[in-house]
Structures are given as structure tokens and as C-alpha cells.
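Take a look at the structure set out below.
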Amino acid sequence: MSAELTHRPSYIIPVFDSLLGAGFLLVLGILVIAAWSPQVRRSKTWFAFLGAALVWSITYLVLLGQQFGRAPSYGLCVFQTCLVYAIPPLTATAGLCMVVELYMRVSCGVFEKAVNERLVWMEFVINTLQLVLLPPVVHLAVFFEASSVALAHRELVSREDFGLYCHLNSSTSIDVALPSKTSAIVSLVATSLAVLFLGYIVFLLVYHGRKSRIYTEGMTHAFSVSLFIRTAVLITITMVGVALAAVSYTRDGANANPAAMWSIAMASVPLCVAILFGTQKDILNGCLFWRNRGGFVKF
């Protein structure tokens, strides 16, 4: 095991777990409201992204109650190690898929002359090709790659410097470093593509601003600037969180305070997702359904 207790701040474990726990409960509540409330309508990729945020919380809470003292069981530690390397690609690709769908919906409204043809193409990509299947496929691929390395190098599987979660200790060996490199590369590619799509959406909205419409479930509505801003901010936060998670294996435990802030920022990602997407009017209206059966909450 690593020398995890020498430099660990006393607050790091409760803060880390509390942030993840709060994020888990809030994201789960938002998903339940969105799934059951008749006045909340969301796309498959939206559900997939919030599902990834939920998995993010679960991934780092696997060792809850076993983050100090006696080492956790080897099987549990290997399981979490695989999840830790697989969660950044899952979240990054889920964000990419949501942005791709947003781009297709915006472009359908911008280019109104070809809207019917574009809607057919959009439905083909989203439904026939099942865009939402990409994130779990990537997640499983990285998970199994990490599991093969972890099982082949049992001695390198341990809790990280603060004992927050299990990972593979840093190694110069190419095969041992493979999961972290794969995780970082896939996450970087996905987030970079998401940024490019967001940039193109900005171009479309600026160049064709007055014509912008968004197509949703057979209806055409004015494009929501709020939706775009929330998505852009969320992708930015996700990029930071994914970057922190993807390169966390290089952290130096001797620098306790910077490393602690690093871990806290990483644990805050699901909570940020919940705040950004749980404060939309229809979601809040779903929370107050017993008081507002006749319409939306007024703000």
C-alpha cells in the first residue's frame, strides 16, 4: 500500500465523500423528476450525461468507510481501480454526444429550407445509430483494459496517497501506464470535439441568430440561450473534472494542500452538474408539482 497517511489533511475524506454524496443524491433526484414528471421533456443524450455524473459519484464512493485504517479487499480495490480509469472517458463521451445532438437540433432550425431532410438525418443518428450507446461502450472498453493490467500487476493496486480511492501506483512500465494514458487520450479527444461543436454552434447562432430554432419531439421552439449557456458551462466544468481525473495518477502526495484541492475539485463535478441542470424551471416545477398543478413556477 502507498504511504497515504503521512500527509493527509484531516478534512479531506469527509469533504470528498460529502461532495460526492450530495452530487449523487441531487443528480438522482433530477433524473427521477425528469423521468416521471409529464412536464419535463429531455433527450436521451441528456439522460445519458446525467447518468454518467451519477456513475462518477458511485465510482469514487466505492471505498466509503474503508478509506483509512485497514486496507480494503483486493477485489474491491481492483473493481474501483477499473472504474476510476473508465469514468473520465464515460463522462467526456456522454458530454460529446449531448453537444452533438444539440448541434443537430440547432442546425435544423438554422437551415430551415432543408429542415425535413436534416430532421430525418438527426433522427437516424440519434435513434437508429443509438448515439447514447457510445459512452457505455467506451466505458466498458477502458474498464476491461484497466482490469487486465490490474490483475497482471496485483502489487501496484492500492489506495491513493490520501486513501480516497484505489488506483494503480505510478509506474514507468508501458503496460502499467496504459490505462491512464488511454483514459487521458480518449477524454481529451472527446472533450476537444465537444468544444469544436460548441464553437460551431456559436458561429451558427451569431451568423444565423434570428433564424435559430430548436426541434424537440415533433415541435419547434425558439432556441434557448439558457440551454446553450448551461451546456457550454457544463462542458467546461466537465473538461476540468475529466482532466483532473485522467491525470490524477501523477499527483505528488507530498504536496498535501494543492493535492487536496485537486481531489475536492474532482469530487465537485457531479454537484456542479446537478446545480446547472437541476435549476431549470421545469425541473423546479416538477419538485413543486403538489403546489403548481396548473402551470410552471413563476420566476
Side-chain angles (χ1 to χ4, degrees), residues 23 45-46 48-57 59-60 80-104 125 131-150 160 164-165 167-203 228 230-252 258-259 261-270 272-273 276:
T45 56
W46 184 91
F49 185 81
L50 265 73
L54 203 63
V55 176
W56 184 293
S57 293
T59 293
Y60 290 101
Q80 187 182 42
T81 295
C82 300
L83 289 175
V84 162
Y85 289 109
I87 189 59
L90 171 68
T91 308
T93 52
L96 171 62
C97 291
M98 187 171 68
V99 172
V100 167
E101 181 174 9
L102 178 61
Y103 157 73
M104 288 190 291
V125 172
L131 190 63
V132 293
L133 292 180
L134 177 62
V137 168
V138 172
H139 184 257
L140 287 175
V142 179
F143 180 93
F144 285 121
E145 180 192 59
S147 65
S148 64
V149 174
E160 53 85 58
L164 300 174
Y165 54 87
H167 71 156
L168 286 167
N169 282 327
S170 298
S171 174
T172 56
S173 173
I174 294 178
D175 59 335
V176 174
L178 188 60
S180 57
K181 292 182 182 297
T182 301
S183 180
I185 291 172
V186 173
S187 302
L188 177 62
V189 170
T191 51
S192 298
L193 288 173
V195 170
L196 289 176
F197 274 105
L198 283 173
Y200 190 59
I201 291 173
V202 171
F203 168 76
F228 173 76
R230 287 172 189 267
T231 303
V233 172
L234 181 62
I235 292 301
T236 302
I237 292 174
T238 301
M239 286 177 64
V240 174
V242 164
L244 290 173
V247 302
S248 61
Y249 66 97
T250 65
R251 191 184 67 197
D252 181 4
M261 294 302 103
W262 183 293
S263 299
I264 289 172
M266 193 168 63
S268 302
V269 171
C272 292
V273 172
L276 280 170

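Counting from 1, the numbers follow the sequence of the chain as shown. Remember, predicted model here, so these are calculated numbers, not experimental data.
Interatomic distance, CG of Leu90 versus CZ of Phe49, reported as 9.5 Å (0.5 Å rounding). In this structure, SG on Cys97 lies 10.5 Å from CG on Leu193, to the nearest 0.5 angstrom. Between the CD1 atom of Ile87 and the CD atom of Gln80 there is a distance of 11.5 Å, given to the nearest 0.5 Å.
Side-chain contact between Phe197 and Leu96: present, with at least one pair of heavy atoms (C-beta onward) separated by less than 4.5 Å. At a threshold of 4.5 Å between non-hydrogen side-chain atoms, the residues Thr59 and Val84 count as touching.
Smallest separation of non-hydrogen atoms from Val99 and Ala194: CG1-O, 3.7 Å. Annotation for Val273 and Ala53: closest pair CG1-CB, 4.0 Å, computed over non-hydrogen atoms. Heavy-atom minimum distance, Pro89 versus Val186: CB-CG1, 3.7 Å. Of all heavy-atom pairs between His139 and Val55, the closest is NE2-CG1, 4.4 Å. Summarising the geometry of Leu168 relative to Ala150, their closest heavy-atom pair is CD2-CA, 4.1 Å, with the distance given to 0.1 Å. A pairwise comparison of heavy atoms in Ser187 and Thr191 identifies O-OG1, 2.7 Å as the closest pair.
In this structure Thr182 satisfies the side chain to side chain donor-acceptor pair (under 3.5 Å) test together with Glu145, sequence neighbours excluded.
The backbone N or O of Tyr85 sits less than 3.5 Å from a side-chain atom of Ser183, completing a donor-acceptor pair.
Between Tyr60 and Trp56, the ring-plane angle classifies as tilted under the 30° and 60° cut-offs.
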